[in-house]
Amino acid sequence: SDLLQSLSSARLLRGAWEEAADALAFLAEPGRVFVDPGPFFRSGLQVYHQLLGTFSGKSEEVRAELKQNPPRSVRPGAVDIDAVARYCAFVEIARALEQPEIAAPYVPPLTLALQRGVVFARGWGFLLPRILGVAKTLAQDWEEAEACFSEAAQTARQAGARPELARTFLDHAWMLLERGRRSERQRAGDLALKAHRLCLELGMAPFARQAKRVAALSGVSVPARLSAELDATEHCSDQAREVARLVARRQTEQIGRAHV
C-alpha cells in the first residue's frame with residue numbers, strides 16, 4: 001500500500017496525472033492488493049484523487065466535492081500516524097483552492113505529530129515542516145511560516161529529500177510574495193530560481209513551471225537555457241506519451257502483484 005502510494009506521489013511530481021491515478025485505482029480495486037479495501041481506506045484514497053485533481057486542472061470539481069462532502073473533523077489531542085499523509089494532502093488542497101479553512105483543522109495534529117518525531121508522512125512522503133509552512137502561510141502567520149520553511153529546508157538537505165527541498169524553496173518563495181514586502185521580492189525570486197533549477201534536474205516539470213511563474217512575479221527572469229529545457233519537456237509526441245502511460249501501467253501492476 002505505501003509503495004503504491006509513493007509511486008502515485010512520484011508520478012504527480014512529474015506531472016503524470018493519469019499514471020498517478022492508475023496507482024491509486026489499483027489500490028482501490030478489490031482483490032488487487034486487498035481482498036476488500038473497505039470504505040475507510042477508499043475515502044482516504046479519494047483525498048489523494050482530489051489532490052491530483054487540483055494539479056491537473058480539475059480544481060472546481062474538487063471544490064464542489066468538498067462542499068458536498070466536507071472533510072471529517074479531527075479529534076483534538078490525537079495523532080493517527082496512518083492519517084498524517086491525508087492531513088498533509090488536505091493542506092495542499094487548501095492552498096490550491098485558496099481556502100485556508102480546509103487546512104486549519106489539520107495544523108494541531110500535524111504539529112503534534114512533528115513534535116512526536118514524525119518528519120515525513122508515510123506513503124506520500126510529505127515533509128511535515130513544509131506542509132506546516134504552507135498552512136501557516138494560508139493563515140498569514142508569517143513568522144511561523146518562515147520558521148517552518150527554514151526547518152523544512154534544513155531537514156530536507158540532511159535527509160537528501162531533494163523533491164521536498166525543491167518544493168520547500170518554491171513554497172517559501174510563494175510565502176514571501178504573499179507577505180507582500182517589496183524588500184523581499186529579490187529573495188523570493190532567488191528561491192524560485194533555486195526551485196526551478198532543482199525541479200528541472202529532478203524532472204518535476206509542473207513545479208518548474210510554478211517556480212518560473214513565481215520568479216516572474218518577483219521580477220526575476222529565468223535564464224533562457226533553463227526555459228528552453230522546460231519547453232523541451234513539454235513537447236513530446238502523443239505516441240511517446242501513450243508509450244509512457246503503457247509502461248507506467250505495467251509497472252503499477254508489477255509492483256502491486258509483488259506486494260500482495
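For the pair L24 and L52, the minimum side-chain heavy-atom distance is below 4.5 Å. For the pair I93 and L66, the minimum side-chain heavy-atom distance is below 4.5 Å. Between M204 and R167 there is a side-chain heavy-atom pair separated by less than 4.5 Å. Contact check for F90 versus L110: no side-chain heavy atoms found under the 4.5 Å cut-off. W142 places a side-chain heavy atom less than 4.5 Å from the side chain of E178. Side chains of R209 and P206 form a contact here, defined as non-hydrogen atoms less than 4.5 Å apart. R14 has its side chain out of reach of L202: every pair of non-hydrogen atoms, C-beta onward, lies at least 4.5 Å apart. The side-chain heavy atoms of R63 and Q99, taken from C-beta on, include a pair separated by under 4.5 Å.
With a 6.0 Å radius and a threshold of 12 heavy atoms from other residues, nucleotides or ligands, E98 has its CD atom at or below the threshold. Crowding of E101 atom CD: a count of heavy atoms from other residues, nucleotides or ligands under 6.0 Å exceeding 12.
Minimum heavy-atom separation, H196 to A208: CD2-O, 3.0 Å. Nearest heavy atom pair, residue A215 against residue A192, reads N-CB, 3.7 Å. Counting all heavy atoms, side chain and backbone alike, S218 lies closest to A188 at OG-CB, 3.6 Å. The two residues A166 and C199 come nearest to each other via the heavy atoms CB-SG, 3.8 Å. Between A21 and H49, the closest heavy-atom pair is O-CE1, 3.9 Å. The two residues A121 and A85 make their nearest non-hydrogen contact at CB-CA, 3.7 Å.
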CA sep, side-chain torsions, deciding dist, call: T155, L127, side-chain contact (heavy atoms from CB on, under 4.5 Å): CA-CA 9 Å; T155 302; L127 178 60; 3.9 Å; yes
Verdict with reasoning, I102 to R95, per side-chain contact (heavy atoms from CB on, under 4.5 Å): CA-CA 9 Å; I102 294 175; R95 187 258 297 277; over 6 Å; no
Test log, rule side-chain contact (heavy atoms from CB on, under 4.5 Å), inputs D171 and T137: CA-CA 9 Å; D171 291 341; T137 301; over 6 Å; no
Residues R11, D22; criterion salt bridge (charged side-chain N to carboxylate O under 4.0 Å, His left out); working and verdict: CA-CA 10 Å; R11 289 171 175 176; D22 280 346; 5.8 Å; no
Derivation and outcome, side-chain contact (heavy atoms from CB on, under 4.5 Å), residues E144 and L132: CA-CA 9 Å; E144 285 291 324; L132 285 168; over 6 Å; no
Ring pair (Phe, Tyr, Trp, His ring centres under 6.0 Å) between F207 and F55, worked out: CA-CA 10 Å; F207 297 92; F55 279 102; 5.4 Å; yes
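Residue Y48 holds its OH atom at 12.0 Å from CG of L12, rounded to the nearest 0.5 Å. With values rounded to the nearest 0.5 angstrom, F169 atom CZ is found 10.5 Å from R197 atom CZ. For the atom pair L177 CG and E184 CD, the distance stands at 9.5 Å (nearest 0.5 Å). The CG atom of L198 sits 10.0 Å away from atom OG1 of T168, with the distance rounded to the nearest 0.5 Å. The structure places CG of L176 at 10.5 Å from CG of D190, a figure rounded to the nearest 0.5 Å. L97 CG to Q50 CD: the interatomic distance, rounded to the nearest 0.5 Å, is 9.0 Å.
No donor-acceptor distance shorter than 3.5 angstrom exists from the side chain of R162 to the backbone of R157, with no hydrogens or angles considered. Remark: side-chain polar atoms of T54 are paired, donor with acceptor, to backbone N or O of L51 under 3.5 angstrom.
The side chain to side chain contact (heavy atoms under 4.5 Å, CB included) test with C88 is passed by exactly one of V134, I131, V47: I131.
A salt bridge links R130 with E92: the distance from a Lys NZ or Arg NE/NH1/NH2 to an Asp or Glu carboxylate oxygen falls below 4.0 Å. A salt bridge does not link E61 to K58: none of the charged nitrogens lies less than 4.0 Å from a carboxylate oxygen.
Shown here are the side-chain hydrogen bond (donor to acceptor under 3.5 Å, both in side chains) partners of E146, two or more places apart in sequence or in another chain: H172, R179, R187. When the ring-ring contact (aromatic ring centres under 6.0 Å, His included) test is applied to F120, no partner is found at least two apart in sequence or on another chain.
Residue pairs satisfying the side-chain hydrogen bond (donor to acceptor under 3.5 Å, both in side chains) criterion with at least one member in residues 110-127, sequence neighbours excluded, are listed as follows: D2-R122, D82-R122.
In this model, no donor atom of one side chain and acceptor atom of the other lie less than 3.5 Å apart for E65 and N69.
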